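First the proteins, then the strands, lettered A, B, ... as listed; each starts at 1. Source: prediction; values computed, not measured.
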2 protein chains.
Amino acid sequence: MSTPTTRPATLDDVARAAGVSRSTASRVIAGTGFASPAARDRVAAAADRLGYVPNQAARALVRGAGVRLVVAVSGADATVLDDPYVDRVVGAAAQVCAPHGVGVALEWLSLRAPAGLRRLGEDRSVCGVVLVNTTEPVLAAVPTGLRGRVASIGIGSAAVPSFDVDNAAGAGAVLRHLYDSGRRRIAMVTGPRWLSCAGRSVTAYRALMRAADLPVRLVAGDFSAARGGRAALEAVTRWPDTDAIFAASDATALGVISALRGRGIGVPGDVAVAGFDDIPYAAVSTPALTTATHPVRRIATAAATAVLDGRRVPPVTAFPSTLVARESA
Amino acid sequence: MSTPTTRPATLDDVARAAGVSRSTASRVIAGTGFASPAARDRVAAAADRLGYVPNQAARALVRGAGVRLVVAVSGADATVLDDPYVDRVVGAAAQVCAPHGVGVALEWLSLRAPAGLRRLGEDRSVCGVVLVNTTEPVLAAVPTGLRGRVASIGIGSAAVPSFDVDNAAGAGAVLRHLYDSGRRRIAMVTGPRWLSCAGRSVTAYRALMRAADLPVRLVAGDFSAARGGRAALEAVTRWPDTDAIFAASDATALGVISALRGRGIGVPGDVAVAGFDDIPYAAVSTPALTTATHPVRRIATAAATAVLDGRRVPPVTAFPSTLVARESA
DNA sequence: CGCACACCTGAGAGCGCTACCACCACAAGC
DNA sequence: GCTTGTGGTGGTAGCGCTCTCAGGTGTGCG
C-alpha cells in the first residue's frame with residue numbers, strides 16, 4: 001500500500017473542474033475583478049468539492065507580499081523571549097495573522113540592534129515587524145524598507161507608529177487610590193531602566209508626588225517578581241516609614257508582597273501594595289491585588305493589525321487603563 | 001523625493017555580482033551540491049555586501065515545503081485561544097520556527113473538528129500542525145495528508161506522536177507529599193472533563209486514593225481560577241472534613257486558595273492546597289504554592305521541532321515532573 | 001446599421017527560487 | 001585512442017499563483 005496521497009488541489013485543478021480558465025478561477029477565489037455569477041458558482045462549487053486551499057507561499061511570491069510577521073523583542077539577551085508578556089503578544093499576533101495566511105516568528109533583537117533590523121527589512125518573506133520593548137537606538141535603526149510595515153508596542157517615532165497603554169493614566173489612577181486611602185509615603189518599584197516606555201509611569205509617579213508635596217522614593221526593578229521582592233526590601237530598609245509600594249507590573253507587585261510577608265510586614269495593614277497590568281492571577285492572589293488594567297492582547301492585536309494593513313494608521317499610545325481596586329491597597 | 005527604495009537583492013543580483021550563474025549562487029547559499037572554494041567565497045562576499053536574504057516564500061514554493069506551522073487548539077469555543085497556556089505554546093513554537101523561516105499561526109479547532117483539520121491538510125503553505133487540547137475525535141479526524149507533519153501536546157495516537165508531562169508522576173508526587181504531611185481527606189479539582197490528557201492525573205489520583213484506602217472526592221474544574229474557586233467551595237460543603245485539595249492546575253489552585261480564604265478557611269492550616277504546573281506566580285503567591293513542575297515550553301519546543309523535522313520522531317509522553325514543596329501544603 | 005461602451009474571459013508572462021540535466025575540463029584506466 | 005569517471009558549472013523548466021492585456025459577447029444609442 002503506497003501513498004497515492006492525492007496531492008492537494010491547485011488552482012488549475014479547480015479551473016479544469018469548473019470548466020473555466022485559470023485566470024477566471026483566480027479572480028473568483030481572490031475575489032478581484034469581474035466574473036459572471038454562473039462562473040462564480042461553478043468555481044466555488046469546484047473549489048469546495050476539491051477541498052481547494054490557496055497556497056499562500058505562491059500567492060505571496062507573485063504579489064511580493066510576505067508570509068511572516070516578525071515579533072522582534074529587544075533585550076539584553078535572548079531570555080527575554082521566554083517572558084509571559086512576550087508570549088501574550090505573540091499569541092495575539094498569531095491569532096490576528098492566521099486568517100491572512102500569515103505566520104508569526106519570534107526573534108530577539110540585540111539592544112544595539114541595527115544588523116538584525118536591516119536583515120528583516122531585506123527579507124521579502126517578512127510582511128512586517130512588531131517591535132516589543134523598543135529603545136530609541138532600535139527605533140533609529142529601522143530601515144526605510146520597513147516603512148509602513150512596522151509598529152511598536154511601547155515607544156514609537158515619526159516613522160514607527162506605537163501602541164501602548166496609557167501609562168500615565170494607569171499610574172495616576174493607582175496612585176490617587178493610594179493617596180485617597182490615606183497613604184503618604186509611597187515608594188515605587190520601576191521597570192527596567194533602559195526601557196523608555198516603562199519610564200512613563202515613573203514620570204507620572206514623580207509628577208504626582210511632587211504635586212502632592214510627597215517624597216519621591218524610587219527603587220529599580222525589571223518587571224520580574226524576584227527582582228521586585230528585592231527592591232521592596234531595599235525600599236523598606238532605606239525608608240522604614242514607607243506605607244505603600246506601587247509596582248510597575250503585577251509580577252513585581254506579587255514579588256513585593258511575597259518579600260514583605262517574608263519580612264513580617266503586613267499587606268495592606270503595614271504597607272499597601274498596588275501593581276499594574278491586571279494579570280489573571282491578580283484577582284486570586286492573597287491579598288487580592290489592587291492594580292490598573294493593561295490590555296496587552298488588545299494592544300498587540302492593534303499593532304499586528306496595523307502592520308498587516310500596511311496602510312499608514314494612526315498610532316494609539318493611550319489604550320485606556322482603569323483602576324481595579326481590590327484588597328492589597 | 002520619491003521612494004527609490006533599492007528593492008531587496010535577489011539571488012540573480014548576487015549571482016551577477018559574484019560573476020557566477022544563478023545555479024551556483026543557489027548552491028552556495030543553500031549549501032547543497034558542489035561549489036569550488038573560490039566560487040563559494042565570491043558568492044558569500046556578494047551576498048553579504050548586498051545584504052541578501054533568501055525569500056522563504058519562493059523557496060517554499062519550489063520545494064513544496066510550507067511556510068506556516070499551525071497551532072490548532074481544540075475547545076468549546078474560540079476563547080480558548082486567549083489562554084496563557086496556549087500563549088506559551090505559541091511563543092515557544094514561534095521561537096523554534098524563526099530560524100527556519102517558518103511562521104506560526106494560531107487557530108481554533110471545533111471539538112468535532114474534521115473540516116478544519118482537513119483544510120489544514122490540503123493547505124500546501126502549512127508545513128505542519130501542533131495540536132493542543134486534543135480529543136480522540138479530533139485525533140481520528142487527522143487526514144493522512146498530515147502524516148508525519150503533526151504532533152500533539154497531550155494525548156496522541158498511532159499516527160500522531162504526542163508530547164506531554166508525566167501527569168501520573170506529577171500528581172503522584174504531589175499526593176504523596178500531601179499524604180506524608182498527614183492529610184487523609186484529599187479532594188481533587190479536575191481539569192475539563194472532555195480533555196483526555198487532564199484525565200490522566202485524575203486516574204493517578206483515583207489509583208493512589210484506592211491504594212491508600214482513602215476516599216475519592218472529585219469535583220469538576222476547567223483549569224481556570226474562577227471555576228477552581230467554585231469547585232473548592234463545593235468540595236468543602238459536600239465533605240466538610242476535607243483537609244487537602246489537589247488542583248489540576250496552578251491557576252485552579254490559586255482560585256481554590258482565594259475562595260477558601262473568602263470562606264474563612266486557612267491554608268494550609270485548615271486545608272492544604274497543591275497545584276500542578278509551577279507557573280512563575282506560584283513562587284510568590286500567599287501562601288507560596290506547593291506544586292509539581294510542568295515544562296510547557298520544553299514540551300512545546302519538542303512538539304514544534306518534531307513537526308518541523310518531519311521525520312518520524314519518537315513521542316515523549318512523560319516529560320519529568322518534580323515536586324516543588326512550598327508553603328501551601 | 002454601426003459604433004461606443006459596458007461586462008466578461010483566456011492566454012501568457014513572470015514572481016524568486018531550486019532541482020534536474022547537460023556540459024566542460026581534466027585525470028585516470030582499458 | 002577511447003571510454004569512464006569526477007568535480008565544477010550553467011541552462012532551463014517549472015513550483016502555484018496573480019495580473020496585465022488582448023480579445024470576445026452582449027446591450028444601448030446616435
Side-chain angles (χ1 to χ4, degrees), chain A residues 6-44 46-47 50-68 100-102 122-127 145, chain B residues 6-44 46-47 50-68 100-102 122-127 145:
Chain A
T6 50
R7 57 141 188 57
T10 72
L11 192 57
D12 270 312
D13 299 331
V14 174
R16 226 181 337 262
V20 299
S21 74
R22 183 169 64 239
S23 314
T24 303
S26 170
R27 256 175 252 126
V28 173
I29 300 290
T32 79
F34 300 108
S36 64
R40 208 182 302 275
D41 288 352
R42 293 229 305 290
V43 171
L50 271 57
Y52 171 73
V53 185
N55 183 334
Q56 295 298 338
R59 185 174 271 184
L61 176 59
V62 60
R63 289 214 277 228
V67 293
R68 236 157 64 241
H100 296 82
V102 169
E122 303 280 352
D123 191 335
R124 303 174 93 108
S125 39
V126 169
C127 64
Chain B
T6 51
R7 58 142 188 56
T10 72
L11 191 58
D12 270 313
D13 299 331
V14 174
R16 225 179 340 260
V20 298
S21 74
R22 182 166 62 240
S23 315
T24 302
S26 169
R27 257 176 252 126
V28 173
I29 300 289
T32 78
F34 300 106
S36 65
R40 209 183 301 276
D41 288 351
R42 293 229 305 288
V43 171
L50 271 57
Y52 171 73
V53 185
N55 183 333
Q56 294 299 336
R59 185 174 271 186
L61 177 59
V62 61
R63 288 214 278 228
V67 293
R68 232 156 68 239
H100 297 82
V102 170
E122 305 279 353
D123 191 333
R124 302 173 94 108
S125 39
V126 169
C127 64

* Structure fact -> Of the candidates D:dG10, C:dG10, C:dA19, the side chain of A:V20 sits closest to C:dG10

* To do: Look at A:S36 and C:dT9 and indicate whether a side-chain polar atom (N or O) is within less than 4.0 Å of OP1 or OP2.
  => yes

* In whole angstrom, what separates A:R22's CZ from D:dG14's P? -> 13 Å

* Asked: Can you tell me how far CZ of A:R27 sits from CZ of A:R40, rounded to the nearest 0.5 angstrom?
  -> 10.5 Å

* Can you check whether any acceptor in the base of C:dG10 is under 3.5 Å from a donor in the side chain of A:R27, or vice versa? => yes

* Pair of N/O donor and acceptor under 3.5 Å linking C:dG12 base with A:S23 side chain -> yes

* Asked: Quick one: which of C:dC17, C:dG10, D:dG16 gets closest to the side chain of A:V62?
  -> D:dG16

* Round to the nearest Å and state the distance from A:R42 atom CZ to C:dT9 atom C1'. => 12 Å

* Could you check how far CZ of A:R7 sits from C1' of D:dG14, rounded to whole Å? => 14 Å

* Just call it for B:R124: base, sugar-phosphate, or nothing, with non-hydrogen atoms closer than 4.0 Å on any strand. => sugar-phosphate

* To do: Using whole Å, report how far OH of B:Y52 lies from C1' of C:dG16.
  => 7 Å

* Whole angstrom is fine here: how far is it from CZ in B:R68 over to P in D:dG16? => 16 Å

* Find the distance between CD (A:E122) and CG (B:L50) and round it off to the nearest 0.5 Å. => 8.5 Å

* **Residue pair A:S125 / B:V67, side-chain heavy-atom distance below 4.5 Å** => no

* Asked: Just to confirm, is there a sub-4.0 Å distance from OP1 or OP2 of C:dA19 to any side-chain nitrogen or oxygen of B:S26?
  -> no

* **CZ on B:R63 to CD on B:Q56, rounded to 0.5 Å** => 8.0 Å

* Structure fact -> Closest to the 5' end of DNA chain D, once A:A57 and B:A35 are matched to their nearest nucleotides, is B:A35

* Structure fact -> Regarding the side chain of A:T24, the nearest nucleotide among D:dG10, D:dC17, C:dG10 is C:dG10

* Out of C:dC8, D:dC17, C:dC17, whichever nucleotide has its closest atom nearest the side chain of A:L11 -> D:dC17

* Min side-chain heavy-atom separation B:L11-B:S26 under 4.5 Å -> yes

* Got a donor-acceptor contact below 3.5 angstrom from the B:R59 side chain to the B:P54 backbone? -> no

* Asked: What's the CG-C1' distance between B:N55 and D:dG16, to the nearest Å?
  -> 14 Å

* Asked: What does A:T10 touch in the nucleic acid at a heavy-atom separation under 4.0 angstrom: a base, only the sugar-phosphate, or nothing?
  -> sugar-phosphate

* Tell me what A:A39 touches on the nucleic acid: a base, only sugar-phosphate, or nothing, going by heavy atoms under 4.0 Å. => sugar-phosphate

* C:dT18, D:dC17, C:dC8: which one has an atom nearest the side-chain heavy atoms of A:R59? -> D:dC17

* Can you tell me the distance, in whole Å, between the CG atom of B:L61 and the P atom of D:dT18? => 12 Å

* Length of the CD-P vector between A:Q56 and C:dC15, whole Å -> 20 Å

